[in-house]
K.L.:
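Before anything else, here's the structure in question.
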Amino acid sequence: MGTEDIRRQSMNVFRMKLLGAKVHGVTSGTATLKDAMNDALRHWVTHVRDTFYVIGTVAGPHPYPQMVRDFQSVIGREAREQMLEAVGCLPDAAVACVGGGSNAMGLFYPFVEDKAVRLIGVEASGLGIASGKHAASISAGSVGVLHGNKTYLLQDGDGQIQHAHSISAGLDYPGVGPEHAHLHDIGRAEYAAISDDEALAAFKMLTEMEGIIPALESSHAIAEVIKMAPQMNKDQIILVCLSGRGDKDMHTVAEAMGIEL
Amino acid sequence: MSRIAETMNALKQKRTKALVPFLTAGDPDLATTEALIHVLVESGADIIELGIPFSDPMADGPTIQLASERALAAGTTLKGVLELVARVRRRTNVPIVLMGYYNPVLCYGTTAFAADAAAAGVDGVLLVDLPPEEAQELQPHLRRNGLDLITLLAPTTPPERMRALAGAAEGYLYYVSMTGVTGSQQVNPAAIADAVRDIQAHCQVPVAVGFGITTPVDAKAVAGFADAVVVGSALVNIIAAAGRSPELLNEVRAFMTALSEGVRTAE
């Protein structure tokens, strides 16, 4: 895990350690997910005879994107079933945040053949696309090859990978799973971008109004729903994936609000 | 005949093996790399592997990761690397193989890259994250321009895949001496000799061995069975330590001369 992410996700890291994990800090590059993936791949090739590589997102060489999609799609299958049970019809739109894109792919996949359901992935535009400090690979990147997959990447004119930025560690990756790139290219899914500030505002709104504290990642999806809902009819339905809890983000949110804990 | 084949044939007739140094282009800057390449050739290099710096060198250990960072910090681009090769080519016939990752090549454009690399005087290309199965968007352009796409084999490559890749190999085959990243541990020549001989029995091109060869003793031992010996991180460490100091060229010359002595006296 990148040392920057260890700092930002200290609550989760503590939990991982309580569960018995040994967490190796990665200091190379930007010390975030991209660099942790580089070092995990390096460790894997060095210890390939007795080590299995696993990854939590739908990126990397085949068959990892497919494996992670299939595991994650439990959420989409259950959401689809429950929607039919509780409401009696499919939603008009399904919305999820996209970094590497695992929770979004898990939500979208069981709906891909339901053409009437809009699929909306929400990337992080960080400090704004124009600032260059963002993680919106589909919205503002270009096609390249990294970590064994061809997809949309944040890169400069020489094919060097650029630093991603997002207030949420889980979206802070300069690429996106290749199946999202495909869904975008064939026009099946749409991809929007939400800034750090918009995500923070959504975080506060959901916390105050529903008593549900969303992860900063999921707050990007909530922010998009807040934008979309007023454009829709009252009887239309939006399904949003609350992919994580915000407990882990208390330090980051407090810091952004200028509060010392 | 390509420069790689000519060089390897000439060495075979002399019953000697090839010494193949690797260095990262632009570390610490392209002018120094240019001077270094001439020193390498004068002190016994038969083929030069020139690294294209990349922001995310997944197959490399810390030594070459840092070399890549220094080269990128100095503003090195693929275009600059090709211009360097063109300058070097005016003074030497040494075969030059560009080694690196696929994204800078893809970003440059596969058609333009193949044409520009050939025009600059590049002889082969080795891209560690472009498996043969995915090479079809690049390889036809390289072929049309007379460039070899060098293939890697690892100790974990299954026999049937080894035979397929060895049969289709161009230029030379690069056998990775261990499971690991560059510069991570010392090679064990005795442990890989049989694997290399097995590969040689299945291919028409020379077999080079790299990863973990750091001393003249290693080079001599590996040259006892391999057709070519690649030395990367050990050389890059010398370049890193000397930086732009006036001693750099002499230190590299001394190291290369010792490696060359090892390779030439292999039995």
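Quantities reported herein were computed from a predicted structural model and do not represent experimental measurements. So you know, we letter chains A, B, ... as the sequences are listed, proteins then strands, and number each from 1.
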K.L.:
Kindly determine whether Arg8(A) and Glu4(A) satisfy salt bridge (charged side-chain N to carboxylate O under 4.0 Å, His left out), including the steps that lead there.
P.N.:
CA-CA 6 Å; Arg8(A) 287 191 289 185; Glu4(A) 169 62 13; 3.6 Å; yes
K.L.:
So that I can tick it off, tell me whether Asp116(B) and Lys79(B) are bridged by a salt bridge, with the cut-off set at under 4.0 angstrom between side-chain N and carboxylate O.
P.N.:
no
K.L.:
Using a cut-off of under 4.5 Å on heavy-atom pairs, state which of Met37(A), His47(A), His43(A), Lys150(A) scores highest against chain B.
P.N.:
Lys150(A)
K.L.:
With a 4.5 angstrom heavy-atom cut-off, is it the side chain or the backbone of Ser142(A) that approaches chain B, or both, or neither?
P.N.:
neither
K.L.:
Just by distance, do the side chain of Asp129(B) and the backbone of Tyr102(B) share a donor-acceptor pair under 3.5 Å?
P.N.:
yes
K.L.:
Applying a heavy-atom distance below 4.5 Å, give me the residues of residues 159-185 of chain A that approach chain B, sorted by number.
P.N.:
Gly159(A), Gln160(A), Ile161(A)
K.L.:
Give a yes or no on whether a salt bridge exists between Lys34(A) and Asp5(A), defined as a side-chain N under 4.0 angstrom from a carboxylate O.
P.N.:
no
K.L.:
So which heavy atom on Leu173(B) is nearest to which on Thr151(B), and how close?
P.N.:
CD2-O, 3.6 Å
K.L.:
Check whether Phe54(B) gets within reach of chain A through its side chain, its backbone, both or neither, counting any heavy atom under 4.5 Å.
P.N.:
both
K.L.:
With only heavy atoms counted, which part of Leu72(B) is less than 4.5 Å from chain A, the side chain, the backbone, both or neither?
P.N.:
side chain
K.L.:
Examine distances only and state if a side-chain atom of Asp35(A) and a backbone atom of Thr30(A) form a donor-acceptor pair shorter than 3.5 Å.
P.N.:
yes
K.L.:
Is it the backbone or the side chain of Glu134(B) that comes under 4.5 Å from a heavy atom of chain A, or both, or neither?
P.N.:
neither
K.L.:
Look at atom CD1 of Ile192(B) and say whether more than 12 heavy atoms of other residues, nucleotides or ligands are closer to it than 6.0 Å.
P.N.:
yes
K.L.:
What I'd like to find out is whether the side chain of Ser139(A) reaches to under 4.5 Å of the side chain of Ser125(A), using heavy atoms alone.
P.N.:
no
K.L.:
Tell me, for Pro53(B) versus chain A, whether the close heavy atoms (under 4.5 Å) come from the side chain, the backbone, both or neither.
P.N.:
backbone
K.L.:
Ignoring hydrogens and geometry, is there a side-chain-to-backbone donor-acceptor pair from Gln72(A) to Gly101(A) under 3.5 Å?
P.N.:
no
K.L.:
So which of Thr77(B), Thr179(B), Leu130(B), Leu78(B) has the largest heavy-atom pair count under 4.5 angstrom toward chain A?
P.N.:
Thr179(B)
